[in-house]
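Written below as structure tokens is the structure these notes are about.
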Amino acid sequence: MASDSTNKLKARLPRGLKDRGPAELAATRAMLDKIREVFERYGFEAIETPAIEYTEALGKFLPDHDQPNEGVFSFQDDDKQWLSLRYDLTAPLARYVAENFDKLPKPYRSYRYGWVFRNEKPGPGRFRQFMQFDADTVGAASAAADAEICMMAADTMERLGIPRGSYVIKVNNRKVLDGVLEAIGLGGDEQLRQRLTVLRAIDKLDRLGPGGVRALLGAGRKDESGDFTKGAGLAKEQIELVIKYVLARGHGTRNSGGMIEMLGKRALSFISAIDNKPAGGSQTDNRQTLANLRAEFGLNATANEGLDELQQIAELAGAADYKEDRILIEPSVVRGLEYYTGPVYETELTFEVKDDEGRPVRFGSVAGGGRYDGLIARFRGEAVPATGFSIGVSRLMTALQHLGKVDSKPETGPVVVLVLDRERIGDYQKMAAELRMADVRAELYLGDSGMKAQMRYADKRGSPCVVIQGSDERAKGEVQIKDLIEGAKAAEAIASNKEWRETRPAQFSVPEAKLVEAVREVLDRHGIARH
RNA sequence: GCAGCUGUAGCUCAGUUGGUUAGAGCGCCUGACUGUGGAUUAGGAGGUCGGUGGUUCGAAUCCACCCAGCUGUACCA
């Protein structure tokens with residue numbers, strides 16, 4: 001093949017996608033195992049659905065178009081039907097349940113994880129392919145199902161090593177939001193656009209603070225880059241009522257649980273700098289929050305229904321001792337605008353982290369979900385109550401890495417059998433085979449460099465030890481085993497090269513027949529598991 | 001999508017008002033230290049300066065467009 005350097009193919013990955021190395025794979029596997037453990041403890045069972053669905057099953061056709069939404073990776077099948085890569089695991093579950101409805105036990109509780117795809121702008125910890133881990137209860141309308149999901153979310157965070165107080169499950173209810181919108185006179189169909197704008201504004205409380213939300217509810221807001229976002233154009237009284245709603249959380253004490261209340265984001269990093277202790281351990285009282293909300297919006301039937309559900313969730317969770325430090329009613333939680341019909345939940349990490357350059361990193365929510373009683377009805381006509389939540393595995397992984405909860409050191413490598421005499425490669429191969437038969441990960445050096453390079457190779461692989469047999473050992477019927485982990489420790493105390501070479505630290509000879517036994521001893525000494 | 005900033009070796013960066021064969025540290029490879037990862041030491045390989053076009057006698061440096069990354073914002077199932 002002609003190697004024309006000007007025509008070389010550039011090795012590159014499309015934006016928003018990522019390769020993952022051995023350390024990250026191992027960390028992900030460990031994380032998935034822990035999540036699975038918790039979910040199964042709650043009685044959820046595993047299923048898996050494919051990554052591709054009919055676009056219509058995902059419900060993502062653009063209004064007034066026969067093309068799917070641009071945020072979704074889509075293509076046409078041979079028969080011209082539109083297919084899409086799934087962008088979450090909830091819509092596929094709805095399809096699965098509808099398709100197998102009569103076979104499944106009800107309530108039906110299942111979990112699943114897998115890659116999902118979104119064709120949108122990537123950011124730190126935000127990719128176009130990422131992993132989610134979902135659990136859902138289908139066919140249970142009771143608030144107990146919602147409460148249990150929230151409790152499980154809390155357990156999962158703790159199982160992953162995030163201490164209580166460093167995360168919080170925020171709960172709200174779409175019915176309450178709808179009631180508030182009705183109360184300010186935005187109930188009608190013709191005000192749909194305005195309603196959405198108001199909901200989006202409410203959702204931004206934790207980022208922009210009350211001032212920013214107020215601006216977005218009114219004329220609009222200009223951000224630091226000078227970009228202007230058009231607001232909802234509400235009247236003053238409407239705005240104040242919404243702000244009242246958004247800040248209705250019961251303040252047992254000031255600034256606990258929600259530094260958010262009075263702060264724009266400039267203040268936020270300041271507060272976290274002086275008060276970096278977990279913010280969730282608050283006196284904020286769910287009962288007080290509910291009382292505040294009932295006082296203001298209790299006359300609205302929709303809101304009241306939602307408040308009843310929130311109260312049940314709080315009471316059920318509280319009865320199991322999941323208090324406000326874990327499950328907190330937060331009126332500003334909105335979640336997606338598409339399909340939630342009742343309670344919504346959002347898991348947030350409450351600690352701050354800095355990136356490599358010392359800038360604070362914002363993770364946003366690492367898990368979320370809610371009740372979607374209408375989703376399965378699209379397939380079946382009758383409403384099927386369902387509630388569930390979804391963990392953003394990839395984003396949570398990024399967060400845990402920042403928190404130092406992820407083991408980022410590479411796995412221990414295999415034992416390497418050095419090749420000193422090229423004609424005797426068969427003998428070396430045999431040694432490697434013997435080790436493998438004894439459940440020891442082992443490999444033959446397959447390159448063609450000298451001994452020094454082979455040692456460096458073993459070092460780089462993270463090998464616990466190497467097996468050496470040159471002509472000297474061969475003549476005596478022995479092999480040398482060099483313990484690289486011990487050797488590295490010994491190296492620190494050795495300054496001269498002469499000494500380094502002559503002492504041959506952590507190296508010993510054994511008869512050929514004892515090879516396996518001796519290697520196993522080295523592995524055991526370092527606590528390295530067999531395979 | 002919109003706005004701002006950034007893009008020079010594998011990594012972190014330097015490169016003076018546009019001026020010869022584009023540099024450093026670390027890393028990598030090879031040799032020495034009489035078959036051994038560290039240390040020391042000698043040498044070496046890596047860059048059409050993100051891409052394409054333009055201005056100029058001359059472009060890493062100036063201009064335009066494109067691509068990618070970061071930050072904010074919008075959207076987020």
Side-chain angles (χ1 to χ4, degrees), chain A residues 5-6 8 10 12-16 58-60 68-72 84 86-92 94 116-124 126 132 196-197 200-201 203-204 207-208 212 216 220-230 265 334-340 355-357 359-362 364-365 368-370 372 375 390 392 416 418-421 449-463 465-474 480-507:
Chain A
S5 63
T6 57
K8 243 188 326 191
K10 181 146 189 175
R12 65 203 182 104
L13 203 51
R15 88 193 142 115
L58 301 178
K60 275 301 164 182
N69 190 320
E70 338 169 342
V72 183
S84 293
R86 63 188 176 194
Y87 53 80
D88 70 10
L89 298 178
T90 309
V116 301
F117 305 84
R118 295 185 188 181
N119 191 4
E120 61 190 10
K121 179 190 149 188
R126 193 170 165 166
Q132 289 193 332
L196 293 179
T197 310
R200 288 181 187 127
D203 197 35
K204 292 184 176 59
R207 258 191 312 146
L208 305 180
L216 285 174
R221 173 179 179 274
K222 199 178 266 191
D223 69 44
E224 341 179 320
S225 72
D227 213 20
F228 184 76
T229 311
K230 198 171 180 305
K265 79 172 220 297
V334 176
R335 298 296 300 163
L337 305 170
E338 204 89 354
Y339 52 59
Y340 291 122
D355 68 7
D356 301 337
E357 265 112 62
R359 291 177 300 217
V361 182
R362 184 187 297 284
S365 72
Y372 51 97
L375 199 53
S390 175
V416 174
L418 302 194
V419 175
L420 301 191
D421 262 329
S449 299
M451 183 169 181
K452 190 180 176 87
Q454 298 191 33
M455 289 298 296
R456 268 204 299 269
Y457 170 80
D459 189 37
K460 209 166 261 180
R461 287 298 310 270
S463 301
C465 64
V466 295
V467 175
I468 305 168
Q469 191 188 52
S471 45
D472 295 356
E473 292 83 7
R474 170 76 171 162
Q480 295 245 6
I481 292 166
K482 177 155 187 146
D483 181 338
L484 295 184
I485 298 170
E486 272 312 311
K489 283 184 205 156
E492 292 168 22
I494 298 174
S496 83
N497 184 251
K498 196 172 177 198
E499 190 187 352
W500 167 252
R501 296 209 157 196
E502 285 175 357
T503 56
R504 293 194 172 168
Q507 186 168 335

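Lettering follows sequence order; numbering is per chain, from 1.
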Quiz item: Of all residues at least two apart in sequence or in a different chain, which pass the side-chain contact (heavy atoms from CB on, under 4.5 Å) check with A:Ala490?
Solution: A:Pro505

Self-check item: Sugar-phosphate, base or nothing in reach of A:Lys204, heavy atoms under 4.0 Å
Solution: sugar-phosphate

Exercise. Would you check if A:Leu484 and A:Met455 make a side-chain contact, meaning some heavy-atom pair closer than 4.5 Å?
Key: yes

Practice problem: Evaluate the side-chain proximity of A:Arg126 to A:Arg118: yes if any heavy-atom separation is below 4.5 Å, no if none is. | Solution: no

Practice problem: Identify, with sequence neighbours excluded, every residue that meets side-chain hydrogen bond (donor to acceptor under 3.5 Å, both in side chains) alongside A:Ser390. | Solution: A:Gln132, A:Asp134

Practice problem: Give A:Arg200 one of three labels, base, sugar-phosphate or nothing, depending on what nucleic acid heavy atoms sit under 4.0 Å from its own. | Solution: sugar-phosphate

Self-check item: Donor-acceptor contact below 3.5 Å, side chain A:Lys489 vs main chain A:Ile485
Solution: no

Can you name the atoms? Protein N/O to nucleotides 44-46 of chain B N/O, anything below 3.5 Å, with the distance.
none

Quiz item: Per the atom types in the model, does the base of B:rU73 pair as donor or acceptor with the side chain of A:Lys222 at under 3.5 Å?
Solution: no

Quiz item: When all nucleic acid strands are considered with a 4.0 Å heavy-atom cut-off, which category describes A:Val116: base, sugar-phosphate, or nothing?
Solution: nothing

Exercise. State whether A:Trp500 and A:Lys452 meet the cation-pi test: NZ (Lys) or CZ (Arg) under 6.0 Å from the six-membered ring centroid, and within 45° of the perpendicular axis.
Key: no

Practice problem: For nucleotides B:rU6 and B:rU16, find the distance between their P atoms and express it as a whole number of Å. | Solution: 15 Å

Quiz item: A:Tyr339 near the nucleic acid: base, sugar-phosphate alone, or nothing, with a heavy-atom cut-off under 4.0 Å?
Solution: sugar-phosphate

Quiz item: Is the distance from OP1 or OP2 of B:rU73 to the nearest side-chain N or O of A:Arg207 less than 4.0 Å?
Solution: yes

Quiz prompt | Any residue meeting side-chain hydrogen bond (donor to acceptor under 3.5 Å, both in side chains) with A:Asp472, in chain and number order, not counting sequence neighbours | solution = none

Quiz item: Looking for any heavy atom pair under 4.0 Å, which part of the strands does A:Ala490 touch: base, sugar-phosphate only, or nothing?
Solution: nothing

Practice problem: Determine the interatomic distance between C1' on B:rA60 and the same-named atom on B:rA9; round to the nearest Å. | Solution: 14 Å

Quiz item: Hey, does A:Gly16 reach any base, or is it just sugar-phosphate, or nothing, if we go heavy atoms under 4.0 Å?
Solution: sugar-phosphate

Quiz item: Is A:Arg126 near enough to B:rG69 that one of its side-chain N or O atoms lies under 4.0 angstrom from OP1 or OP2?
Solution: no

Self-check item: Whole-Å P distance, B:rC11 and B:rC28
Solution: 14 Å

Practice problem: Both distances under 3.5 Å, Watson-Crick or G-U wobble: on that basis, could you give the dot-bracket string for RNA chain B, with [ ] for crossing pairs and | for other-strand partners? | Solution: (((((((..((((.....[...)))).(((((.......))))).....(((((..]....))))))))))))....

Quiz item: What interatomic distance, in whole Å, is found between P of B:rU30 and the corresponding atom of B:rC66?
Solution: 46 Å

Quiz item: If only atom types and distance count, is the side chain of A:Tyr87 paired as donor or acceptor with the main-chain N or O of A:Leu58 below 3.5 Å?
Solution: yes

Quiz item: Toward the 5' end of RNA chain B, which comes first, A:Leu216 or A:Tyr87, by nearest nucleotide?
Solution: A:Leu216

Quiz item: For B:rG15, is chi within 90° of 0 (syn) or not (anti)?
Solution: anti

Self-check item: Protein-to-nucleotide contact annotation, 5' to 3' order, nucleotides 25-36 of chain B [B base; S sugar-phosphate only; - none; under 4.0 Å, heavy atom]
Solution: ---SSS--B-BB

